[in-house]
There are 2 protein chains.
Amino acid sequence: MVTIKDVAKATGVSPSTVSRVIADNPRISLDTKKKVRKAMKELGYHPNVNARNLVAKSTKTIGVVMPSSADKSLQNPFFPEVLRGIGTVTHDMQYSMMLSSGGTEEEMFAEVERMVYGSYVDGIILLYSRMNDRITNFLREKEFPFVIVGKPYDYVSEITHVDNDNYKAGKEITNYLIDQGHEHIAFIGGSRDLIVTMDRENGYKAALNEAELPVCEAYRIHSEFLQSGGREAIEKLLQLEYSPTGIVVSDDLMSLGVLSALEELGYDVPTDISLVSFNNVYLSELTSPALTTVDIQIYQLGVQSAKALIEKTQSDFVPEKRIIIPHEIVYRDSVGER
Amino acid sequence: MVTIKDVAKATGVSPSTVSRVIADNPRISLDTKKKVRKAMKELGYHPNVNARNLVAKSTKTIGVVMPSSADKSLQNPFFPEVLRGIGTVTHDMQYSMMLSSGGTEEEMFAEVERMVYGSYVDGIILLYSRMNDRITNFLREKEFPFVIVGKPYDYVSEITHVDNDNYKAGKEITNYLIDQGHEHIAFIGGSRDLIVTMDRENGYKAALNEAELPVCEAYRIHSEFLQSGGREAIEKLLQLEYSPTGIVVSDDLMSLGVLSALEELGYDVPTDISLVSFNNVYLSELTSPALTTVDIQIYQLGVQSAKALIEKTQSDFVPEKRIIIPHEIVYRDSVGER
DNA sequence: CTGTTAGCGCTTTCAC
DNA sequence: GTGAAAGCGCTAACAG
């Protein structure tokens with residue numbers, strides 16, 4: 001391995017001078033800089049991060065925590081897309097990205113502890129937000145820099161987070177259904193203790209309330225698996241006295257399941273039933289019919305969260321606590337008029 | 001930050017002893033071990049990775065390189081799933097996982113260079129395999145430990161890789177279509193220079209050959225985007241004199257697109273046309289009809305690649321060069337008899 | 001503008 | 001069984 005000393009020797013300067021050249025210190029003459037840089041090229045010198053991190057007390061690495069891989073939700077294309085956003089920023093700023101896995105909650109917690117205590121990372125991005133999350137609490141108590149993609153369950157004004165206005169989005173997309181003449185609108189969402197689900201559902205309820213349409217319990221389904229158990233739930237929904245003519249689904253991937261369930265039960269979308277959902281991942285244009293969905297700009301969620309976190313770790317600069325990524329409804333073919 | 005010295009002082013032993021306790025060195029008496037461990041707990045000591053890595057000349061971190069995020073394929077649920085597999089192993093072995101992003105090929109290459117030269121990682125897993133890949137060549141020339149998920153373009157007997165027998169899988173799934181009475185079978189695949197595509201396509205061709213069915217150029221479509229451009233391609237396919245009654249699609253996500261194109265063109269699957277594909281990601285059971293697809297055990301691909309890589313980096317132990325993960329056809333509802 | 005020196009936190013000979 | 005000391009590769013005062 002080529003070290004700073006080798007470069008120093010080859011150039012006839014001291015190691016510290018080389019170090020300064022690396023840091024592009026203005027107090028070094030252009031001449032020596034050139035000389036040193038040339039030698040670095042020739043010798044194939046590359047700084048050793050560990051040595052640097054050790055003294056700098058910073059790793060220029062951010063940890064990214066995905067939700068427990070136990071549930072199927074990990075296969076959601078949402079994740080590669082946020083990662084892509086985060087990756088762009090880390091790359092641009094010469095940062096690295098450490099990914100945390102962990103099957104069980106216990107394992108995830110252990111990983112985070114390791115990252116934090118072992119000085120693996122300068123900060124952490126949480127790619128989920130749920131009620132009473134142990135990791136969130138830990139990070140908060142330790143005052144370790146972190147940002148949440150989504151809305152924190154509590155301490156909303158204290159924890160930096162990058163989110164959509166899911167309440168508003170839920171309301172808007174429901175209103176769209178209402179505008180199209182729908183009066184019986186159901187909601188199908190993921191796990192109840194995910195904050196996204198809650199927000200979108202609340203938006204949905206608000207829209208119905210304002211339109212003076214009934215908000216009934218039987219119209220709201222929560223499930224993670226849409227293949228078998230989900231089908232039954234939908235079946236029940238459609239056997240109600242006033243079966244819904246429109247459904248708000250909290251996620252594109254779920255919509256796929258709903259779509260297939262409806263098809264199998266002999267309902268046509270959008271003729272018999274209209275469907276709207278959230279996220280606008282790639283597959284939402286591949287379904288048939290293509291989904292009318294809320295584009296939440298996943299990539300931007302990633303970008304902004306990484307930016308906010310890095311800002312946070314670098315200086316004591318305090319970024320905005322709540323960063324909202326605008327959303328937009330993408331109108332496609334899954335909604336019909338009544 | 002609590003260091004090894006603090007623990008030493010608190011216990012009344014020397015730093016080196018503490019270090020030995022951490023390494024669980026057998027030459028330390030059980031008594032002192034207990035004493036030291038107690039102090040570590042109380043003080044909340046956690047070893048600093050950077051310091052350790054610096055002297056150990058190992059980072060216990062593996063780099064994972066995803067394909068260029070430029071193309072949509074990144075949204076493929078394949079990726080979270082391999083990552084999950086890799087994550088399980090890294091977690092179990094107390095390793096970390098560094099994810100590499102990069103929009104352009106140039107950026108990706110730069111990232112890999114940084115990881116390698118900067119001693120960021122002990123080894124690298126490549127999550128794609130394409131012809132004449134610069135990164136692959138670089139890693140090979142530098143003799144840096146790496147494994148490919150998929151089959152290398154060349155040096156197959158030299159580069160450690162974890163793969164399915166995609167040729168065989170392609171043949172089997174095509175044979176299944178043939179067994180069901182199909183005689184006109186098309187192939188729709190992703191980018192031509194992806195090795196997976198080539199292998200699966202070759203298997204497809206072999207099956208047709210053996211069954212003495214015609215293998216014609218017009219029956220083979222390559223595309224990455226299935227929404228608009230893909231639709232036209234399929235349309236053409238179905239206007240041929242002998243339009244296919246069965247289609248082998250190289251990936252579940254693509255199947256979604258094909259499915260929707262067919263539906264829009266008024267074809268029913270599987271009544272009019274049968275469809276088979278590869279991967280068996282979660283969404284393949286959510287489509288309608290649910291897809292008959294080859295389960296390639298994505299999770300296992302991840303697990304085995306991580307295992308092989310770590311073995312490789314730890315000792316000079318040489319793992320099997322070609323590790324094959326068995327596949328299995330999952331029969332669902334997208335195929336009909338002729 | 002550049003060199004000298006100390007030290008980041010840890011491991012690892014080499015003594016005893 | 002344990003301690004002292006050196007050093008991993010780099011940065012950052014402090015001199016000059």
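Each chain gets a letter, A, B and so on, in the order its sequence line appears, and its residues count up from 1. What you are looking at is a predicted structure, and each value in this text was computed from that prediction instead of being measured.
- Between A/Y117 and B/H46, the ring planes are parallel. Angles under 30° get that label, and only those over 60° would be called perpendicular.
- At least one side-chain heavy atom of A/L43 sits under 4.5 Å from a side-chain heavy atom of A/V7.
- Residues from residues 6-33 of chain B lying near DNA chain D, meaning a heavy-atom separation below 4.0 Å, are B/G12, B/V13, B/S14, B/S16, B/T17, B/R20, B/R27, B/I28, B/S29, B/T32 in numerical order.
- Atom-to-atom, CG of B/N48 to C1' of D/dC10 comes out at 14 Å; the value is rounded to the nearest Å.
- To the nearest 0.5 Å, the span separating CD1 on B/I135 from OG on B/S129 amounts to 11.5 Å.
- Taking the centre and axis of the six-membered ring of A/F146, the NZ or CZ atom of A/R140 falls outside the cone set by 45° and 6.0 Å.
- Between the side chain of B/T61 and the backbone N or O of B/T59 there is at least one donor-acceptor pair closer than 3.5 Å.
- Within residues 50-59 of chain B, the residues having any heavy atom under 4.0 Å from DNA chain D are, by residue number, B/L54, B/V55, B/K57.
- With respect to B/D24 and B/K33, a salt bridge is recorded, a charged nitrogen being found less than 4.0 Å from a carboxylate O.
- Interatomic distance, B/E158 CD to B/K321 NZ, rounded to the nearest 0.5 Å: 7.5 Å.
- Applying the 4.0 Å criterion to OP1 and OP2 of D/dC10, one finds that A/Y45 has a side-chain N or O inside that range.
- What separates NZ of A/K5 from P of D/dT11 is a distance of 13 Å, to the nearest Å.
- The existence of a salt bridge linking B/R322 and B/D163 is confirmed by a sub-4.0 Å separation between a basic side-chain nitrogen and an acidic carboxylate oxygen.
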